[in-house]
Amino acid sequence: MATPRFTLTSYDPVYAVCEEVRIPEDVVEQTAQRWLQINVAKDGETAKLNDKWVAEHTDDFNNVEELLIFIRYNMYKDNREVQELADQDAICRELATRLVEDLPEDVLEDAIYAANYRLEDMVMRQGMSLEQFAQQRGISVDQVYADVRERTIESLKEDSALEAYADHAGLTLDAEDFYAIIPGNSIEEKAEKRRQIELDGRLEQMEEYALKTKALKEIMENAMIKRREIDDEWLRYGDTSADVLDANKRFPDAFVTL
C-alpha cells in the first residue's frame, strides 16, 4: 500500500488557547516553608510561615505574602518545561483539526493494537491485572481501552498534520536538525552520537521524526496564543517564549534554585 500523503486546510499560523498550568497554592506554601527551613532557620530551629517569623528572620521579606510572591515566581520559572509541553499539546491539537484526509483504517488499527499491547505489558510488569489497573483509576476496563484508542487516534492525527506541514513547507534536514532529537549534554556529544548512528545505518529511520520535530518548532514559534478564552489579545508564541528566556539572561539573580 502506498504511503498516504496528508494535507491541511490551511498552513497559516495556528490560533490556540493555551491555559496556564497552575501550581496548587498549598504546594507553593509547602515550598516556602521548606525554603525557610533550609535557607533561613538555624540548626535546631523550626521555621514558621507567619508574618512575624518571616519579618524577623529574613532581610528581603516583610511578610508571608512577599515571600510567597518570590517562591511562586521561581516555581513557575521551574515549571517552564511543563508549561511548554502543555502549550505544545494545545497547539498540535488545533493543528490536527486542519487535517483534510481521514487516517487509513489499517494504519489506525495497527497503532491501536500496538498501544494496547504496550499498556498490557506495562500493567503486567507492575504486577497487576488490567482490572486492578482500571480500579485504581476509578474506571472500567472498557474505558481504559477507550482512552487508549482516543489518545492513539489524536496522536496519529497530530503526527499526520506535522507531516503535512513539513511537506508543504518543503522542509529539509541539516546535520544540526538531528541534534534536537539526539540526547546529550553538548553539541560535541550529540555530533558524535549522530556520526555513530549514521555509521550504524540508522539515520534514515530517524529522518521522519527529525522532520516533524523541525516542523513543530516552526509551528510553535509562529503560533498565536492566549491564556484564557476571554482574553482579547493574541500573542505570538515565539515572542512570549523569547521574553522569558531574555528575562532569565538579564536578571539571573532572580532565577534562583529552590
Side-chain angles (χ1 to χ4, degrees), residues 8-35 49 60-61 63-100 137 147 150-166 168-169 171 180-181 212-258:
L8 301 178
T9 56
S10 171
Y11 298 89
D12 293 335
V14 173
Y15 282 72
V17 177
C18 300
E19 294 184 359
E20 186 176 4
V21 176
R22 302 298 300 174
I23 300 173
E25 202 59 25
D26 60 336
V27 176
V28 175
E29 292 180 2
Q30 291 168 15
T31 303
Q33 176 80 40
R34 188 167 61 251
W35 185 86
L49 193 61
D60 300 319
F61 311 109
N63 51 53
V64 170
E65 185 52 38
E66 289 183 4
L67 172 64
L68 291 180
I69 290 171
F70 166 76
I71 295 295
R72 201 178 292 118
Y73 176 81
N74 282 280
M75 287 185 74
Y76 275 98
K77 183 271 300 182
D78 292 338
N79 203 45
R80 176 175 168 77
E81 183 177 352
V82 175
Q83 182 68 63
E84 286 183 337
L85 289 174
D87 295 342
Q88 176 180 309
D89 286 345
I91 291 169
C92 282
R93 277 197 306 272
E94 187 61 34
L95 180 72
T97 64
R98 300 181 178 184
L99 196 62
V100 174
R137 284 152 182 77
D147 289 347
E150 183 179 345
R151 288 197 301 271
T152 302
I153 292 173
E154 180 60 29
S155 179
L156 283 174
K157 285 182 177 179
E158 292 175 8
D159 275 356
S160 300
L162 289 172
E163 182 180 325
Y165 183 93
H168 176 82
L171 299 182
I181 63 172
K212 289 176 183 176
T213 300
K214 188 171 185 175
L216 176 60
K217 181 179 179 182
E218 186 171 303
I219 291 165
M220 293 288 290
E221 282 287 310
N222 295 309
M224 303 297 291
I225 71 161
K226 55 184 180 179
R227 291 301 180 195
R228 300 178 302 169
E229 189 70 55
I230 62 173
D231 291 342
D232 294 328
E233 187 178 5
W234 290 92
L235 301 173
R236 181 176 174 272
Y237 191 81
D239 294 338
T240 61
S241 178
D243 287 345
V244 174
L245 290 176
D246 184 55
N248 195 358
K249 293 174 183 175
R250 289 170 56 201
F251 309 109
D253 292 342
F255 288 78
V256 301
T257 300
L258 298 177

Please list, one pair per line, the donor and acceptor atoms closer than 3.5 Å that link side chains of residues 10-27 to other protein atoms, with sequence neighbours excluded.
unit_1, atom_1, unit_2, atom_2, d
S10, OG, D12, N, 3.1
S10, OG, D12, OD2, 3.4
Y11, OH, L8, N, 3.0
E20, OE1, R22, NH1, 3.1
E20, OE2, R22, NH1, 3.3
E25, OE2, R72, NE, 3.2
E25, OE2, R72, NH2, 2.5

Item checked: Contacts of N63 that satisfy side-chain hydrogen bond (donor to acceptor under 3.5 Å, both in side chains) - sequence neighbours left out ->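 For N63 there are no side-chain hydrogen bond (donor to acceptor under 3.5 Å, both in side chains) partners, ignoring immediate neighbours.
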Check: Can you name the residues that form a side-chain hydrogen bond (donor to acceptor under 3.5 Å, both in side chains) with Q83, not counting sequence neighbours?
Finding: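 By the side-chain hydrogen bond (donor to acceptor under 3.5 Å, both in side chains) rule, Q83 matches D87.
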Check: Under 3.5 Å, side chain of N222 to main-chain N/O of E218, donor-acceptor pair present?
Finding: yes
Next item on the list: With sequence neighbours excluded, tell me which residues meet side chain to side chain contact (heavy atoms under 4.5 Å, CB included) with D231.
Entry: K226, R227, R228
Note to self: Applying side chain to side chain contact (heavy atoms under 4.5 Å, CB included), can you list everything that pairs with V100, at least two apart in sequence or on another chain?
What the structure shows: T7, T9
Could you give the distance from [atom1] ([X]) to [atom2] ([Y]), rounded to the nearest 0.5 Å?
X	Y	atom1	atom2	value
L95	M220	CG	CE	11.0 Å
L67	W35	CG	CH2	6.0 Å
T152	E150	OG1	CD	10.0 Å
Q33	I71	CD	CD1	11.0 Å
K212	I219	NZ	CD1	11.5 Å
Y237	E84	OH	CD	4.5 Å

Note to self: For M75 versus V28, what's the shortest heavy-atom pair and its separation?
What the structure shows: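 M75 and V28 have their closest heavy atoms at SD-CA, 3.8 Å.
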Check: Hey, mind stepping through Y165 and K214 against side-chain contact (heavy atoms from CB on, under 4.5 Å) and telling me if it holds?
Finding: CA-CA 10 Å; Y165 183 93; K214 188 171 185 175; over 6 Å; no
Do any side-chain atoms of residues 155-164 form donor-acceptor pairs under 3.5 angstrom with protein atoms, and if so which ones, sequence neighbours left out?
unit_1, atom_1, unit_2, atom_2, d
S160, OG, L156, O, 2.8

